[in-house]
Protein chains: 2
Amino acid sequence: MSASPQISPTGGKSSYLHADLHRLLLDAAEIELAQKGVEKFSLRSVAKRASVSHGAPAHHFGNVDGLLTALATRGYARFIAAQDRRENLAESCPRAKLAASGLGYIDFATAHPALFRLMFTSERTDKSNPSLADAANAAFEKLTSHIEAIQGRDPHRDQLAMADVLACWGIAHGLADLMISGRLGRATFLAQMDAAERDAFFSDIILRGITTS
Amino acid sequence: MSASPQISPTGGKSSYLHADLHRLLLDAAEIELAQKGVEKFSLRSVAKRASVSHGAPAHHFGNVDGLLTALATRGYARFIAAQDRRENLAESCPRAKLAASGLGYIDFATAHPALFRLMFTSERTDKSNPSLADAANAAFEKLTSHIEAIQGRDPHRDQLAMADVLACWGIAHGLADLMISGRLGRATFLAQMDAAERDAFFSDIILRGITTS
DNA sequence: ACCTTTGCTTGACACTGTCTAAAAGTGTGA
DNA sequence: TCACACTTTTAGACAGTGTCAAGCAAAGGT
């Protein structure tokens, strides 16, 4: 009996009916995802972590994709929280808020790379799932509202404003993705910067996405 | 006997020794990848496509990751070719060349989404493989030379020029990645544009990455 | 007390990648 | 022509995977 990888609140004793196995499985799945990545994620391994039988997860989430979809949905909440955290530290200027939001975007990706990949590039989530779609939409609306605050035009109605949205989104997303795949290591000076310098560096790049007419 | 998914040049008759099973397997693997994606890629399915036994691929590539690594390496050649194609159509102005290169970046991603994912975000390729590293490096150097042509400074020696590299790379990569995950569908006007309009739209965004001091 | 519903376990199945031994083919030297 | 070394490919076994169907254990309502 290895006692390490269990997170059952009952101490691993596998009581027949858990208080909230749904959440317990989600937590176990998140650890599994973080440790193994999307591509080596195993449902049976998640069940082991939660000290339940290999068939238990299916009852709550249907199948693997269902579990991953739920995980991605919860991930969006944390994603938005990471951006909020940065925004609250920023000056009240709309441009500073946008840059901060982008830094939060990158924060989240580097802190939870596997979850980020699951949310944005995996094909194992059910994108037609309403909860997931709503969560993803909330993240998108956060961005559009930043642009609207800066440009004074609703991106949903103004093509130029929407171009700014896509530009800023593309930059933040691209930097985050390249970052967690280790490709920004080519810019050696990045590693030598302290946190504040790096933030300033990325902020500058993110703000290139908006046009100053 | 289903006769459809075989690409053996001998007509599926599975002669014992193939002329060039190495290449045959790569071609089969590329089809498999395109049809199923990285996450559902199956080695045994590749072997079936090539009409050989399930153990044959291992002899040529060691294991699945070896095959995927070889596939990614070949992918970079096509990736660069896609950019070259765009550059040759562009005006000779350095900025136009850069924008064209970015469009080629997006061309490749939309034409070969699964291969693009394998190259840039999968963890199943061996990034320490020299051939793969060289191929990836060649793609990166193409970008830096574009920036150098524009700014007149070597990004490897100048931090401001490298910032432009990362900015442009981030934009092109981010747009490409968001594109193939279907997220740019929110900008409905994009779908209504013809090819030339879309190119101009993306070019404008890509060029926001470089600073005009 | 019984019955129904839900939660979870158990066993089976087809499929996966990898390992091994053996077979099939190729080439060389006598 | 034969014998030998060598590479290429096959075929079988193995542990691991996700999913499904059947059954058991607990909870709640009547």
Side-chain angles (χ1 to χ4, degrees), chain A residues 2 5-10 12-29 32-33 35-71 118 122-126, chain B residues 2 5-10 12-29 32-33 35-71 118 122-126:
Chain A
S2 74
Q6 303 183 338
I7 58 175
S8 161
T10 65
K13 243 218 213 111
S14 169
S15 64
Y16 196 81
L17 287 182
H18 293 83
D20 189 2
L21 185 52
H22 190 91
R23 162 156 311 207
L24 192 67
L25 283 170
L26 271 179
D27 292 342
E32 167 82 2
L33 182 67
Q35 289 191 359
K36 300 226 206 125
V38 199
E39 298 173 342
K40 299 193 173 166
F41 182 91
S42 155
L43 195 56
R44 289 172 105 108
S45 174
V46 170
K48 265 189 201 141
R49 283 180 197 274
S51 307
V52 292
S53 76
H54 67 262
H59 187 263
H60 288 271
F61 301 97
N63 55 18
V64 166
D65 292 9
L67 175 53
L68 290 175
T69 300
L71 216 48
L118 174 69
S122 175
E123 298 175 5
R124 304 188 66 181
T125 56
D126 177 15
Chain B
S2 73
Q6 304 183 338
I7 59 174
S8 159
T10 64
K13 244 220 211 110
S14 167
S15 64
Y16 196 79
L17 289 182
H18 293 83
D20 189 3
L21 185 50
H22 190 91
R23 160 155 312 204
L24 192 67
L25 283 170
L26 270 179
D27 292 341
E32 168 82 2
L33 182 67
Q35 288 191 359
K36 300 224 205 126
V38 199
E39 296 173 341
K40 300 195 173 165
F41 182 90
S42 155
L43 195 56
R44 287 171 108 109
S45 174
V46 170
K48 263 189 202 140
R49 284 179 197 274
S51 307
V52 292
S53 76
H54 67 262
H59 186 263
H60 288 271
F61 301 96
N63 54 20
V64 176
D65 292 8
L67 175 52
L68 289 176
T69 300
L71 215 49
L118 175 68
S122 175
E123 298 176 5
R124 303 188 67 179
T125 56
D126 176 15

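Order of the sequence lines fixes the chain letters, A, B, ..., with proteins taken first and strands second; residue numbering starts at 1 for each chain.
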message: Within the 4.0 Å heavy-atom criterion, would you say A:A58 contacts the bases, only the backbone, or no part of the nucleic acid?
response: nothing
statement: Of the candidates D:dT17, D:dT10, C:dT16, the side chain of B:S53 sits closest to D:dT10
query: Which of these nucleotides, D:dT19, C:dG17, D:dT17, is closest to any side-chain atom of A:S42?
result: D:dT17
query: Heavy-atom count around B:E39 CD within 6.0 Å, excluding the residue itself: above 12?
result: yes
message: With heavy-atom distances below 4.5 Å as the criterion, would you say the side chains of B:L118 and B:F41 are in contact?
response: no
query: Rounded to the Å, how far apart are B:K40 NZ and C:dT16 P?
result: 13 Å
statement: Here the distance between atom P of D:dT9 and atom NZ of B:K48, to the nearest Å, is 19 Å
query: Can you check the A:H22 NE2 to C:dC8 C1' distance for me, whole Å?
result: 16 Å
task: For B:E32 and B:L43, indicate whether the former's side chain and the latter's backbone hold a donor-acceptor pair under 3.5 Å.
output: no
field: Heavy-atom pair of closest approach, residues B:A47 and B:S53
entry: CB-O, 3.4 Å
Value in whole Å for how far the P atom of D:dT17 lies from CZ of A:R49: 11 Å
task: Measure the distance from CZ on B:F41 to C1' on C:dC15 and round it to the nearest whole Å.
output: 16 Å
message: In this structure, how many angstroms lie between the C1' atom of D:dG18 and the CZ atom of A:F61, rounded?
response: 16 Å
task: Whole angstrom is fine here: how far is it from CG in B:D20 over to P in D:dT7?
output: 18 Å
- prompt: A:R44 or A:H59: which one's nearest nucleotide on DNA chain C is closer to the 5' end?
  reply: A:H59
message: Can you tell me which nucleotide in D:dG18, C:dC8, C:dT18 comes closest to the side chain of B:L43?
response: C:dT18
task: Please report, rounded to the nearest Å, how far the C1' atom of D:dT10 is from the NE2 atom of B:H54.
output: 8 Å
